[in-house]
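Each residue takes its place number in the sequence, starting with 1. In listed order, ligands and their atoms are each counted from 1.
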Amino acid sequence: MITKNDKKFALTLKAVNADSKINELIIKEQGVFTLISEEKTMYLYFDSKCECLRKLEKYLCTFIGINKYDINIDVESFLNIYKSKKIEAFRTLIEVASFAGHNKFEMKLKPKTNKSYNFIYNSTKELDDMWNSSTIKMEFVNFARDLQDLPPNVGTSVEIAKRISDKAKTVEGIKVTVLDKKQIEAMDMGLLLAVNAGSHVDPRVVILEYVGDAKKPKTVLVGKGISFDSGGYNLKPSNFMKGMKFDMSGAAIMSSTIMALAKSKAKCNVASVAMLTDNRIGGHATLTESIIKSMNGMTVQIDNTDAEGRLVLADGITYAVRNLKADRIIDAATLTGAIVVALGKWHTGVFTKTDAMWNELEKASLNSLERVWRQPLLKEHLQAMQKTPIADLTNAEPSREAGSSTAAAFLDIFAEKKEFMHLDIAGTAEANNRGKAVMLRTLFEMLK
Ligand code: BES
Ligand code: ZN
Ligand code: ZN
């Protein structure tokens, strides 16, 4: 938890460099912490020229990782070091303290209590505005992370839908719609239903709408919400099934982004569509070579039941185009193993034919310290997905060449010429078995 100018704690964290008047006992090496116990102060030393925000992020993360106490943060001392980037450094301090200070989801008999970080600074309009918008944003980053971390027996499609809609109802200005199985059937979301076919848990679609400025083009955020991906009849080998509870990360992130925008009263026009189901085996589960009609009318041959994300997203994108009248669509999905091979945990893969959208996203990502890397999206990738004689599309192309791009091309065709951007977060959604709500901060900065 973070607070500002609250009652003070015993211990204070303070940044220093060679220009500061400091105790000679302080170790003068960049990134090193020295505790001077008589002063009840922990000093963090910076090189004189250092104004690197990533370093600040790294040092603070390390500190919070080992700190056992409630602590004051002497914000002014950090702003003195980040002279030309005061406001960015302030944002980084807030983000890292809220993120790293948020305890892991747990179901232990005796849960740990969150540590408090009390920010001490001289109030100005600029700093207070940054405080307000960043703390709201981080509230929803941590909300999304807690959803991601739910074990799959608790975080079912139905439960995730409930938690998202309950939270959204606490935010003024959001219209909440939850579609149950009957309504999903009535909408002809054949692809979502085909993925859900093997499950005893019903699917859900959660739509959140927020209009902060009706004149702005409408952006719809679609999220992959597979509460557990076993692979279906193309069953994953057991070592590949680990972590598949995180396959709902896109839905958690996209829904939480809208809530953060609405709560901070951003001047934007946005909606989110969370496509929720698990992907299981069982007597009713979809068989390979089945041909399924999508909501859009196009037919899809299911050549691999483990390529389920693109199926549920396709119907979500059609809903965004047809029912929500989107001007542009962005989706986030833990979509392909191929992007993990290409970019690892370091970058989110971005696919779009629209340079302008890519430029906006990249710019926002630099402020959020989240790394993105643009990937190719060609008509050849679509053609590979159309190589099936008896349906309009296949959901899995056998050669697996450029597997992340062919998956993106499959989604792109459902956007029906609307501006479209796909974020493949398969490698970045979680780290050390813990959700990161990756891209939420970037999308928030981009859309606000
Ligand atoms: N959820 C997986 C992708 C994934 C892999 C996420 C690793 C996180 C870590 C997705 O549904 C999947 O299984 N994709 C297949 C597609 C293939 C069958 C065309 C893949 O990438 O192997
Ligand atoms: Zn899969
Ligand atoms: Zn999946």
J.: Could you check if a side-chain atom of Asn67 sits within less than 4.5 angstrom of a side-chain atom of Tyr117, using non-hydrogen atoms only?
T.: yes

J.: Output the list of atoms in ligand 1 that are nearer than 4.0 Å to some heavy atom of Thr334, sorted by atom number.
T.: 1 (N), 2 (C), 3 (C), 6 (C)

J.: I'd like to check whether Arg310 has a polar contact with ligand 1, where a contact means an N/O of the residue lying under 3.5 Å from an N/O of the ligand.
T.: no

J.: Ligand 1 versus Glu397, non-hydrogen atoms closer than 4.0 Å: side chain, backbone, both, neither?
T.: neither

J.: Kindly confirm or rule out a cation-pi arrangement of Arg310 over Phe414, judged by NZ or CZ under 6.0 Å from the six-membered ring centre and within 45° of its axis?
T.: no

J.: Counting only nitrogen or oxygen atoms and a 3.5 angstrom limit, does Ala426 reach ligand 1?
T.: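 No: no nitrogen or oxygen of Ala426 is under 3.5 Å from one in ligand 1.
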
J.: Check each heavy atom of Asn304 against ligand 1 and say whether those closer than 4.0 Å belong to the side chain, the backbone, both or neither.
T.: side chain

J.: What residues, two or more places apart in sequence or in another chain, satisfy side-chain hydrogen bond (donor to acceptor under 3.5 Å, both in side chains) together with Ser165?
T.: none

J.: Within less than 4.0 angstrom of ligand 1, does Arg400 place any heavy atom?
T.: yes

J.: Count up the protein N, O or S atoms sitting under 2.8 Å from the Zn ion (ligand 2), would you?
T.: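 There are 4 of them.
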
J.: Any heavy atom of Lys224 closer to ligand 1 than 4.0 angstrom?
T.: yes

J.: Looking only at N/O atoms, are Lys236 and ligand 1 under 3.5 Å apart anywhere?
T.: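 Yes, there is a polar N/O contact under 3.5 Å.
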
J.: In Å and rounded to the nearest 0.5 Å, what is the CD1 to OG distance from Ile253 to Ser272?
T.: 12.5 Å

J.: When you compare the side chains of Thr219 and Arg328, does any donor N or O come within less than 3.5 Å of an acceptor on the partner?
T.: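 Distance-only check passes for Thr219 and Arg328.
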
J.: Counting distance only, does the side-chain N/O of Arg145 pair as donor-acceptor with the main-chain N or O of Phe99 below 3.5 Å?
T.: yes

J.: Holding to side-chain hydrogen bond (donor to acceptor under 3.5 Å, both in side chains), I want the full list of residues that pass it with Thr318, two or more places apart in sequence or in another chain.
T.: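 Result, side-chain hydrogen bond (donor to acceptor under 3.5 Å, both in side chains) vs Thr318: none returned.
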
J.: Please tell me whether Phe46 and Tyr82 form a close aromatic pair, meaning their ring centres lie under 6.0 Å apart.
T.: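 Between Phe46 and Tyr82, the centre distance is under 6.0 Å.
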
J.: With sequence neighbours excluded, what pairs up with Glu159 under the side-chain hydrogen bond (donor to acceptor under 3.5 Å, both in side chains) test?
T.: Arg163

J.: According to the interplanar angle, ranging from 0 to 90°, do the rings of His422 and Phe420 count as parallel (below 30°), tilted (30 to 60°) or perpendicular (above 60°)?
T.: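 Ring orientation of His422 relative to Phe420: parallel.
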
J.: So, taking the atom named NZ in Lys58 and the one named CG in Leu60, what distance separates them when rounded to the nearest 0.5 Å?
T.: 13.0 Å

J.: Kindly identify the option in Ser404, Gly337, Pro398, Gly309 whose heavy atom sits closest to atom 5 (C) of ligand 1.
T.: Gly337

J.: So which protein heavy atom does atom 15 (C) of ligand 1 come closest to, and at what separation?
T.: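 Looking at atom 15 (C) of ligand 1, the protein heavy atom closest to it is Asp306 O, 4.0 Å.
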
J.: Which pair of heavy atoms, one from Leu191 and one from Leu311, lies closest together, and at what distance?
T.: CB-O, 3.3 Å

J.: Under 4.0 Å from any heavy atom of Asp229, which atoms of ligand 1 are there?
T.: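 So the answer, numbered in order with elements, is 1 (N), 2 (C), 10 (C), 11 (O), 13 (O).
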
J.: Numbering the atoms of ligand 1 from 1, which are under 4.0 Å from a heavy atom of Glu308?
T.: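 Answer, ordered by atom number: 11 (O).
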
J.: For atom 3 (C) of ligand 1, which of the options Asp303, Leu335, Val340, Asp247 provides the nearest non-hydrogen atom?
T.: Leu335

J.: Show which atoms of ligand 1 fall inside a sub-4.0 Å distance from at least one heavy-atom site of Met244.
T.: 1 (N), 4 (C), 5 (C), 6 (C), 7 (C), 8 (C), 9 (C)

J.: Nearest 0.5 Å, please: how far is CD1 in Ile258 from NZ in Lys263?
T.: 15.5 Å

